[in-house]
Structures are given as structure tokens and as C-alpha cells.
Amino acid sequence: MRPRDELRSRLTALCVQRGWPAEEVAVERPNDRARGDWASPVALALARPLRRAPREIASELADALSLDSTRWEEPEVAGAGFLNFRLARPYLQDVVRRLIEEPDGHMRSDRLAGRRINVEFVSSNPTGPLHVGHARNAALGDGIAALFASQGADVTREYYFNDAGRQMDILGASVHARYRQMTEPDFPFPDEGYQGEYIADLAREFAVEHGDAFRDVPLEECLAEFRSFAGERISAGIRADLERFRVSFDVWFNESTLYRDGRTEQTLEELKALGAAYEKDGATWLRATDYGDTEDRVLVKSTGHPTYLLPDLAYHRDKHERGFDQAIDIWGADHHSYAVRMQAGLTALGYPADWLRTVIYQQISLIEDGEEVRLSTRKNRMVTLRELLDDVGVDVTRWFLLMRKGDTHMTFDLDLARRQSDENPVYYVQYAHARLAGVFTRNERPEWDPALAGVPGSLDRLNAEREIDLLRALDDLPDVVADAADALEPHRVTDALEELARRTHLWYHDHRILVDDEHLARARLALARACANALREGLALLGVEAPETM
RNA sequence: GCGCCCAUAGCUCAGCUGGAUAGAGCGACAGCCUCCGGAGCUGUAGGUCAGAGGUUCGAAUCCUCUUGGGCGCACCA
């Protein structure tokens with residue numbers, strides 16, 4: 001059992017035993033680590049109901065705990081009545097053994113084993129290349145999926161293509177117009193058409209493939225041709241960009257299949273049967289206000305065509321029927337009101353409130369030449385994921401997009417990213433790994449390498465202050481990853497890895513590893529190996545490489 | 001006008017279910033390589049946590065209002 005969980009359950013048990021009102025005892029990090037590894041303010045909370053001094057309550061709990069001395073030092077009562085707990089040396093030193101014996105298992109857990117979780121993300125329409133906003137979506141979605149997987153969940157990464165809507169027609173018409181303009185410069189461009197340069201590129205590709213065959217064909221007769229050509233090319237580009245970004249999907253779901261199988265109608269019928277849908281003004285409405293939305297929403301327009309909402313509800317109903325215990329959707333802030341109506345629809349269908357969890361991330365503002373760049377697929381200015389990867393690379397892009405929590409309005413300074421990319425913290429973390437790796441590649445005592453010799457018996461020689469700090473940073477990681485998974489917040493992992501890298505650099509700077517004292521040297525080599533393993537596992541979790549040399 | 005999100009050091013951001021003197025990186029200034037990798041390390045300066053009330057033993061964190069910013073308010077997708 002993890003130390004924090006041990007404290008929580010022991011303290012809770014003691015309170016229950018005494019009949020004290022404590023359903024769940026808080027165990028948290030002291031804000032100053034010098035106070036201890038964990039702390040509980042439980043005595044402060046109990047002071048009033050028990051009408052006793054908090055320090056007195058804390059002392060009673062401390063005396064009653066009788067913790068295992070190989071894991072814990074004696075608890076302390078401090079301040080107004082805090083209980084402070086410090087992990088014992090043998091426990092901390094043992095983290096090195098665990099990291100060497102199971103190099104890729106330190107941050108893994110099986111607490112979500114058997115849970116089937118669907119993470120749907122990106123899901124960009126195939127009407128244009130992925131831009132930096134989609135990149136944030138991709139990084140977050142993939143990071144969250146990886147976090148769940150690390151906790152033992154059975155994770156499916158899924159991409160939903162809206163390939164059935166009017167946007168695809170506009171795309172086809174846009175490419176068609178550019179194609180015609182190659183020979184007729186005055187050919188009209190659709191009012192709502194996509195302006196990007198990539199449309200003209202697609203038109204040229206179309207011309208290479210089909211020549212003049214469609215020069216004189218009216219749009220009505222060849223729209224399907226242009227639509228599918230453009231859609232397929234763009235989809236292929238999206239897949240290629242994502243693959244390069246190290247994001248791979250298990251399921252590519254096409255909206256069009258929902259209509260083919262009649263699942264939109266089934267969903268509509270079910271909503272009607274449940275009394276959650278009604279007719280008004282010739283349209284069919286969802287009673288979204290009954291489930292927390294600010295107004296009711298149209299499911300089927302008076303024209304008889306469904307809105308976006310109905311197929312999306314059908315799609316999530318499909319996920320539910322495929323047996324997922326939980327669905328996670330990653331959406332940009334421009335969809336936040338949409339998340340509310342989705343939740344309303346799913347609640348109406350009878351799903352538990354937390355079956356769908358939506359992660360709403362805020363827009364990225366791009367700064368280039370000191371000015372804000374407005375992002376738009378329709379207009380011709382955007383920064384694509386591909387350009388971003390060309391400029392700063394996969395590792396920097398992923399790290400940068402993951403290191404901030406989703407609800408910050410982040411700014412991405414392109415000039416800074418391009419010009420001063422060595423200042424990015426990802427290099428700091430990667431360098432820590434490369435430095436440690438260097439110790440082993442240049443090791444003049446290969447026989448002391450724990451990879452060959454096994455875990456040394458001299459781990460109790462790791463007692464320098466910076467060694468203990470480093471051991472603590474290593475032992476923190478499993479809790480950080482577990483909490484990050486529960487909170488859907490990958491940035492907690494980047495923070496923890498930066499902290500680990502900092503501790504690694506500090507230790508490396510102050511202490512020589514290959515000292516003459518064989519027992520100490522073996523212990524330090526083991527610590528170096530343990531740190532390298534932890535850095536590698538943590539970086540891998542985030543889809544970032546851990547280079548041996550830089 | 002209504003709804004959602006945000007406001008913490010010069011800049012970019014952390015601060016985990018409210019807890020004990022508010023942190024990091026970058027930037028600025030001053031230092032450290034005879035030594036396993038200096039993409040490193042050490043030190044200094046820099047904050048009325050947007051403002052005002054409230055709840056609480058305790059508030060950057062919860063509630064209300066105000067100010068400022070982003071996003072959304074379609075029988076578009």
C-alpha cells in the first residue's frame with residue numbers, strides 16, 4: 001500500500017474506533033517538505049466537535065498509530081496541531097531497488113484494472129489540416145489516455161470524423177472553384193468557402209490526377225468527386241501528422257455509419273419514449289433545460305434533417321453500448337456550451353452523471369513577430385501542427401502543450417519556440433537523463449553496474465541530504481501519476497518530472513558517483529540507474545523521448 | 001444582456017479534496033569547470049495572489065458583487 005493510503009486508512013480507522021466524526025481523513029503534502037513527507041490536519045478539524053485542544057488530539061492519534069518503523073519515523077505534532085509524518089530511510093532507499101528490478105513499472109498501478117475507458121479526442125473535421133489548437137487537443141487526449149493506461153485501465157483512443165455534414169460540401173465546392181480558377185481566373189469562389197492555401201494545393205493535385213476531365217462539368221454533377229478527393233487527402237494528412245506527433249488511434253469512427261445503421265433514429269425514438277423530446281414549430285427538441293442547460297435544443301430541424309446534436313448523442317450511445325465504463329471527450333473552449341447539452345442528452349438517456357467526463361481546454365493564442373495571430377481554418381492564416389513540428393520538433397511541442405493545465409489561456413510564442421528552444425524545460429529533463437546515461441556509457445568500472453551486478457546491498461549508504469531529496473522525488477511519482485489520472489491533468493506529471501530532474505542535477509553536481517569506496521560507488525550507481533529509469537518511464541508516459549546523448 | 005473559463009513575481013505558469021513563512025522556469029544582476037556531460041550549479045532582487053465584502057479555527061483555493069480578458073449564445077458544423 002502506498003504510504004499516503006496507509007496513513008489515511010490508519011487515521012480513519014482510529015477515528016472511527018473512537019467514534020469521532022471523520023468520514024475521510026485528509027492526508028496531504030506539507031507546503032514545506034522539510035516538515036515531513038505527509039501531514040494531516042485532522043486534529044484541527046476535530047477540535048471543535050470534540051471540544052478538545054487540537055494538539056492534544058494529535059498527540060493521542062500519534063501515540064495510537066504505532067507505525068512500522070522500517071517505513072516511518074515517529075510522527076510529530078507541530079504547529080497548531082498538525083500531524084507530520086516522515087518516511088524512514090530504509091523505505092526511501094528501497095525505492096532504488098524497486099526502480100531497478102522493475103524499470104517500467106514504477107508509475108504503473110492496477111487500481112483501474114478491468115475498467116474500459118474511451119478517450120475521444122482531436123475529432124477534427126477533414127476540412128483542413130490540423131492547427132496548433134488541435135495539437136493541444138491531441139497532446140491532452142493522448143496524455144490522459146496514457147495516464148489511464150498506466151493505472152491499468154483498458155483504454156481505447158478514438159477519433160470521430162464528421163464526414164456527413166454540409167462542411168464537406170463546402171470543402172468540395174472550394175476545391176472545385178480553385179480547380180476552375182486555374183483556367184478561368186474569374187470563376188466565382190463560394191462565399192463560405194475555405195480560404196486556406198491548402199485548398200489551391202488540393203486543386204492542383206486534383207488537376208494532376210484528373211487533368212481537364214472536370215473543366216466543363218457543372219458543380220452539381222461533380223461535387224461528390226471533389227468532396228471525396230479532398231476529404232480523403234485531408235484525412236490522410238491528418239493521420240500522417242498525428243502519427244508523426246506520436247499519437248495513434250485505435251478506432252476511427254465515421255459519422256456516416258450512424259445514419260447507415262439507423263442509430264440516429266433509434267436514439268431519437270428512445271428520447272421520445274423517455275419523454276425527453278417533444279415537437280414544436282415543426283422541429284423536435286430535447287428537454288435540455290430539465291437537465292441543467294439554459295435552453296432546450298433542437299434535435300431534428302423542421303426541414304427533417306438532424307442537427308449535430310442527435311448524431312452525437314447516437315454516437316455516445318454507441319460508445320455506451322460498446323461497453324465502455326467511462327467516456328472522456330476532449331473539447332476546445334468554443335464547444336463548452338455543447339458539452340452541457342451533450343451531458344443533458346446523456347442524462348436523459350439514463351447514464352450516470354460521470355459516465356461522460358469532458359475536458360475543456362482554452363484556446364491558444366499564437367504570438368508571431370510580437371503580434372497575436374488569429375487562428376482560423378476558413379481564413380488563410382493558421383499555424384499547422386506540421387509547421388510546428390518542423391519548427392520545434394515533437395518533444396518540445398508535446399511537452400509545451402502538456403505542461404499547462406487545460407483551462408489556462410496559454411500563449412504560444414512562435415518566435416521564442418523557434419529561436420530559443422533550448423530554454424524549453426523539456427531539455428532540462430532530457431539532459432538529466434542523458435547525463436546519467438553518460439555515467440554508464442563512460443563507466444570505467446562496468447562490473448559495478450547494477451544492470452550486471454544486480455541491486456547492491458549497500459543502498460543504506462545513500463544518506464547525503466541531496467540523495468534523500470532525490471529518493472523522495474522518486475517515491476513521489478506513483479502518487480503524482482495516480483492523482484494526475486484521476487484529475488485528467490497531465491501537467492502534474494511534467495511538473496513532477498521537472499522536480500525530479502532538478503533533484504538529479506543537484507545531486508549529480510554535488511556528489512561524485514564513481515568514488516573509490518566500492519560500496520558507496522555501487523549504491524550511487526544504483527541510484528543513477530534508478531533515476532534514469534524513472535525519467536525514461538515518465539517521459540515515455542508523456543510520449544517524449546529520453547535521449548542517451550544530446 | 002445571458003452562460004462557461006480565466007486573473008498569482010518583469011514574462012510564461014504551478015500551487016493537488018480550504019490548512020502551517022505563496023513556488024518553479026525564463027529574464028535581470030553577481031558568482032562557480034584541474035573533478036563521471038557547464039543544455040549544469042550557487043546567490044541576490046522581484047508578490048497588498050485583480051479589487052471589495054462574506055463563510056471558516058484557518059481562504060490564492062469556497063460564496064457574492066465589481067473590474068479586466070478569452071470563448072459561446074443558430075432549426076451551422
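Values below: all heavy atoms of this structure, side chains included; hydrogens, waters and symmetry mates excluded. Chain identifiers are assigned alphabetically (A, B, ...) following the order of the sequence lines, protein sequences preceding nucleic acid strands; residue numbering begins at 1 within each chain.
Across all strands shown, A/Arg29 has heavy atoms under 4.0 Å from base atoms, whether or not it also approaches the sugar-phosphate. Note on A/Glu295: only backbone sugar-phosphate atoms sit closer than 4.0 angstrom, heavy atoms only; bases stay farther off. Within the nucleic acid shown, A/Ala39 comes within 4.0 Å of at least one base atom, counting heavy atoms only. Counting non-hydrogen atoms under 4.0 angstrom, A/Phe440 reaches nothing in the nucleic acid. A/Asp486 comes within contact range of no nucleotide atom at all, as no heavy-atom separation falls under 4.0 Å. Heavy atoms of A/His505 sit under 4.0 angstrom from primed sugar atoms or phosphate atoms, though from no base atom. Residue A/Ala484 is out of contact with every strand shown, counting any heavy-atom pair closer than 4.0 Å. No contact: A/Pro54 has no heavy atom under 4.0 Å from any strand. Residue contacts shown for A/Ile360 are absent, as no nucleic acid heavy atom lies under 4.0 Å away. Among the atoms of the strands shown, none is found under 4.0 Å from any heavy atom of A/Met168. Across all strands, A/Ala45 comes closer than 4.0 Å to base atoms (heavy-atom distances). Among the protein residues, A/Ser302 comes within range of the nucleic acid bases, having at least one heavy atom under 4.0 Å from a base atom. At a threshold of 4.0 angstrom between heavy atoms, the contacts of A/Asp32 include nucleobase atoms, whether or not backbone atoms are also involved. Using a 4.0 Å heavy-atom cutoff across all strands shown, A/Glu255 reaches no nucleic acid atom at all.
The shortest non-hydrogen separation linking A/Ala451 to A/Asp449 is N-OD1, 2.8 Å.
What separates CG of A/Asp334 from P of B/rC76 is a distance of 18 Å, to the nearest Å. Summarising the geometry, the separation between NE2 on A/His491 and C1' on B/rG23 is reported as 13 Å, rounded to the nearest angstrom. Atoms OH (A/Tyr361) and P (B/rG72) sit 12 Å apart, rounded to a whole Å.
Contact check, A/Lys301 against B/rA74: no side-chain N or O comes under 4.0 Å of OP1 or OP2. A sub-4.0 Å separation between OP1 or OP2 of B/rC35 and a side-chain N or O of A/His511 is absent. Side-chain nitrogen and oxygen atoms of A/Asn31 include at least one within less than 4.0 Å of the OP1 or OP2 phosphate oxygen of B/rA20. Taking side-chain N and O atoms only, A/Arg466 has no distance below 4.0 Å to OP1 or OP2 of B/rC41. A close approach under 4.0 Å does occur between a side-chain nitrogen or oxygen of A/Arg48 and OP1 or OP2 of B/rC57. Listed pair A/Tyr428 / B/rG37 fails the phosphate criterion, with no side-chain N or O lying under 4.0 Å from OP1 or OP2.
Nucleotide B/rA20 is matched to nothing when pairs are restricted to Watson-Crick or G-U wobble geometry with both distances under 3.5 angstrom. Applying the Watson-Crick and G-U wobble criteria (two distances, each under 3.5 Å), B/rC49 pairs with nothing in any strand. Judged by Watson-Crick or G-U wobble contacts below 3.5 Å, the nucleotide B/rG68 has B/rC6 as its partner. Nucleotide B/rC73 forms a Watson-Crick or G-U wobble pair with B/rG1, both donor-acceptor distances falling under 3.5 Å. Shown here, B/rC29 forms a base pair with B/rG43; the pair counts as Watson-Crick or G-U wobble because both key distances fall under 3.5 Å.
Remark: A/Glu447 CD is packed, more than 12 non-hydrogen atoms of other residues, nucleotides or ligands lying under 6.0 Å away.
Nucleotides B/rC62 and B/rG15 are separated by 12 Å at their P atoms, to the nearest Å. Nucleotides B/rG27 and B/rC49, compared at atom P, are 27 Å apart to the nearest Å.
To the nearest 0.5 angstrom, A/Leu497 atom CG is 11.0 Å from A/Leu402 atom CG. The CD atom of A/Gln362 sits 7.5 Å away from the CZ atom of A/Arg136 when rounded to the nearest 0.5 Å.
Note: A/Trp252 and A/Phe161 have parallel aromatic rings, judged against thresholds of 30 and 60 degrees for the angle between ring planes.
With A/Thr127 contributing its side chain and A/Leu171 its backbone, the two residues share no donor-acceptor pair below 3.5 Å.
Counting only heavy atoms from C-beta on, A/Tyr338 has its side chain closest to B/rA77 among B/rA77, B/rU17, B/rA20.
Evaluation of atom-type donor-acceptor distances gives a pair under 3.5 Å for the side chain of A/Arg442 against the base of B/rG37.
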Validation: residues 330-338 of chain A side-chain donor-acceptor distances under 3.5 Å, sequence neighbours left out:
residue, atom, partner, partner atom, Å
A/Tyr338, OH, A/Tyr308, O, 3.3
A/Tyr338, OH, A/Leu309, N, 3.2

Restricting to nitrogen or oxygen on both sides, can you table the protein-nucleotides 5-7 of chain B pairs closer than 3.5 Å?
residue, atom, partner, partner atom, Å
B/rC5, O2', A/Gln362, NE2, 3.1
B/rC5, O2, A/His409, NE2, 3.2
B/rC6, OP1, A/Asp407, OD2, 3.3

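Partner of A/Tyr315 under the side chain to side chain donor-acceptor pair (under 3.5 Å) criterion, out of A/Glu158, A/Arg263, A/Glu255: A/Glu158 alone.
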